[in-house]
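Numbers for residues simply follow the sequence, beginning at 1. Reckoned from all heavy atoms, side chains included, excluding hydrogens, waters and symmetry mates.
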Amino acid sequence: MITSPELNLVFPAYSHKVKKKEGKLYIFEEITKKYRLLTPEEWVRQHCLHYLVNELNYPASLFQIEGSMKVDQFNRRTDIRLFKNSGEVFMLIECKAPHVDISLNTLQQISQYQKIQQAEYLVITNGLQNIILHHSTEIVNEFPSYS
């Protein structure tokens, strides 16, 4: 098991599956049932997904990983998109590697996605810090419950 104690400040450790292929590590993602190249950003994303599904009981069937969209004529991908049962976007989550500071640039990136998606919640995480915004303006202290 690979551990990153610093992420335990925001997300709990969990038992995950990792495999090595052609000298590279891959981590199994429970949502899409695929192995993904294990980068620092992917490590954060998998911890975030695990926390939301297994700790907060968000329905795994309502997640979309790396969903594509057009933003100002460019193809973009959201790290995590969570939908309501009605099909509306409930939450957009942008994951960064632990060494990447959450900055104005990061906020601008997710704000671009928000222009298109109109999610109820925006989240930026680097595994060490979460910024959670309700309706793009109000900072909340924790992930909302899913009802």
Go through the steps to decide whether Leu25 and Ile27 satisfy the test side-chain contact (heavy atoms from CB on, under 4.5 Å), and finish with yes or no.
CA-CA 7 Å; Leu25 289 176; Ile27 189 167; over 6 Å; no

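- Ring pair His50/Phe11: centre-to-centre distance not below 6.0 Å.
- Under the 4.5 Å side-chain heavy-atom criterion for grouping Ile, Leu, Val, Met, Phe, Trp and Tyr, Val140 is connected to Tyr51 within one hydrophobic cluster.
- Linking ILVMFWY residues whenever their side-chain heavy atoms come closer than 4.5 Å, directly or via other members, leaves Leu92 and Val100 in distinct clusters.
- Scanning both residues, Asp79 and Cys95, for their nearest heavy atoms gives OD2-N, 2.7 Å.
- The shortest non-hydrogen separation linking Asn57 to Asn54 is OD1-O, 4.1 Å.
- For Pro98 against Pro40, the heavy-atom pair with the smallest separation is CD-O, 3.8 Å.
- Side-chain contact between Val89 and Arg81: present, with at least one pair of heavy atoms (C-beta onward) separated by less than 4.5 Å.
- Between Lys84 and Glu120, the closest side-chain pair of non-hydrogen atoms falls below 4.5 Å.
- Here the side chains of Tyr26 and Leu38 are not in contact, with every heavy-atom distance at 4.5 Å or above.
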Does the pair Arg45 and Glu66 meet the rule for a side-chain contact (heavy atoms from CB on, under 4.5 Å), with working shown?
CA-CA 11 Å; Arg45 178 167 47 189; Glu66 294 187 346; 3.0 Å; yes

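- Checked against a 6.0 Å centroid threshold, the rings of Phe90 and Phe83 do not count as neighbours.
- Atom CD of residue Glu94 and atom OG1 of residue Thr78 lie 8.0 Å apart, to the nearest 0.5 angstrom.
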side-chain contact (heavy atoms from CB on, under 4.5 Å) between Cys48 and Ile93: does it pass, once the steps are laid out?
CA-CA 9 Å; Cys48 182; Ile93 303 172; 4.1 Å; yes

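- If you take CG on Asn130 and CD1 on Ile124, they are separated by 10.0 Å, rounding to the nearest 0.5 Å.
- Under the 4.5 Å side-chain heavy-atom criterion for ILVMFWY residues, no single connected hydrophobic cluster contains both Leu52 and Phe28.
- Side-chain contact between Met91 and Pro144 is present, with heavy atoms from C-beta onward closer than 4.5 Å.
- His47 NE2 to Glu55 CD: the interatomic distance, rounded to the nearest 0.5 Å, is 11.0 Å.
- Under a cut-off of 6.0 angstrom, the local environment of CD in Glu142 is sparse, with at most 12 non-hydrogen atoms contributed by other residues, nucleotides or ligands.
- Taking the centre and axis of the six-membered ring of Tyr35, the NZ or CZ atom of Lys19 falls inside the cone set by 45° and 6.0 Å.
- To the nearest 0.5 Å, the span separating CZ on Arg36 from CD on Glu29 amounts to 4.5 Å.
- The CG atom of Asn126 lies 4.0 Å from the CD1 atom of Ile102; values are rounded to the nearest 0.5 Å.
- Using a 4.5 Å cut-off on side-chain heavy atoms (C-beta onward), Val53 and Phe63 make contact.
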When you look at Tyr14 and Gln46, which way does the side-chain contact (heavy atoms from CB on, under 4.5 Å) test go after all the steps?
CA-CA 10 Å; Tyr14 74 99; Gln46 294 310 314; 3.3 Å; yes

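- Only one option out of Val44, Ile132, Thr106 pairs with Thr125 in a side-chain contact (heavy atoms from CB on, under 4.5 Å); it is Val44.
- Residues Tyr58 and Leu82 meet the side-chain proximity criterion, which asks for heavy atoms closer than 4.5 Å.
- Thr137 contributes atom OG1, which lies 9.5 Å from atom CG of Leu122 (distance to the nearest 0.5 angstrom).
- Here the side chains of Lys20 and Lys24 are not in contact, with every heavy-atom distance at 4.5 Å or above.
- Residues Leu49 and Glu30 form no side-chain contact, since every pair of their non-hydrogen atoms from C-beta on lies 4.5 Å or further apart.
- The aromatic rings of Trp43 and His16 sit perpendicular, their planes meeting at an angle over 60°, well past the 30° parallel limit.
- Of the N and O atoms on the side chains of Glu41 and Thr39, not one donor lies less than 3.5 Å from an acceptor on the other residue.
- Residues Ile31 and Val123 fall within the same hydrophobic cluster, defined by Ile, Leu, Val, Met, Phe, Trp and Tyr side chains chained together at heavy-atom separations under 4.5 Å.
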